[in-house]
Amino acid sequence: ETGVTQSPTHLIKTRGQQVTLRCSSQSGHNTVSWYQQALGQGPQFIFQYYREEENGRGNFPPRFSGLQFPNYSSELNVNALELDDSALYLCASSSMTGRNTEAFFGQGTRLTVV
Amino acid sequence: DQQVKQNSPSLSVQEGRISILNCDYTNSMFDYFLWYKKYPAEGPTFLISISSIKDKNEDGRFTVFLNKSAKHLSLHIVPSQPGDSAVYFCAASVDTNAGKSTFGDGTTLTVKP
């Protein structure tokens with residue numbers, strides 16, 4: 001059983017640029033959620049994808065967008081990067097079939113915007 | 001407006017003693033609560049959870065207590081071990097959708113040998 005993997009692990013971008021982060025969900029999981037974790041804070045829910053459709057969104061602007069593919073992997077896209085977007089981005093996979101009682105997190109992508 | 005609060009940023013206990021980590025929430029719609037543990041350079045790892053229909057759930061050394069009327073939950077670790085040293089996050093969700101959780105800011109637990 002493969003775990004949740006994210007790529008890249010670290011990334012440096014310039015303000016105004018666009019970035020794409022990738023996540024492969026755990027085998028057997030059909031739901032992917034993305035979180036932003038700023039330094040010293042807990043993860044903040046960005047959005048969740050289930051069967052390739054957005055299934056709920058947190059308090060993030062439209063320049064944060066996502067995709068889920070038929071194999072349940074996912075991308076997080078952020079346009080017009082701002083300095084405050086510097087954070088650890090976490091992907092979590094879970095299953096909507098049966099008991100959706102825990103989420104499995106990847107190791108995260110550390111994004112630095114300069 | 002933070003809906004899940006962990007008011008103690010840090011906690012230090014002696015090996016073998018009990019660690020008690022606390023969490024408060026404000027949203028009455030939350031019906032499922034989770035604790036995650038996070039080591040540096042790793043993602044959070046699920047530890048234990050509790051549904052709002054229960055007031056206690058136990059798994060080995062870890063017990064979570066839920067007081068719905070007070071909107072308060074706590075995680076007890078007995079006995080504490082040095083390997084338990086990590087950041088602990090409390091999280092809450094609606095409709096048992098663990099992937100759509102609201103997290104607290106975490107408590108850093110240090111267990112001293």
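Per chain, numbering begins at 1; letters A, B, ... match sequence-line order.
- Only the backbone of Ala41(B) comes within less than 4.5 Å of a heavy atom in chain A; its side chain stays farther off.
- With a threshold of 4.5 angstrom between heavy atoms, Gln6(A) does not approach chain B through any atom at all.
- Side-chain contact check for Lys38(B) and Tyr36(B): no donor-acceptor pair (N or O, by modelled atom type) lies under 3.5 Å.
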Passes side chain to side chain donor-acceptor pair (under 3.5 Å), Asn55(A) versus Gln48(A)? Steps please.
-> CA-CA 5 Å; Asn55(A) 182 48; Gln48(A) 181 179 77; 2.6 Å; yes
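- Here His29(A) and Phe104(A) bring their ring centres to under 6.0 angstrom of each other.
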Would His76(B) and Phe65(B) count as a ring pair (Phe, Tyr, Trp, His ring centres under 6.0 Å) if you check the C-alpha gap in whole Å, the side-chain angles of each, and the deciding distance to 0.1 Å?
-> CA-CA 8 Å; His76(B) 293 210; Phe65(B) 295 92; 4.6 Å; yes
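- With a 4.5 angstrom heavy-atom cutoff, Tyr35(A) touches chain B only via side-chain atoms.
- Heavy-atom pairs under 4.5 Å with chain B were tallied for Pro43(A), Ala92(A), Gly106(A); the largest tally goes to Pro43(A).
- Between Phe33(B) and Tyr25(B), the distance separating the two ring centers is shorter than 6.0 angstrom.
- With a threshold of 4.5 angstrom between heavy atoms, Thr45(B) does not approach chain A through any atom at all.
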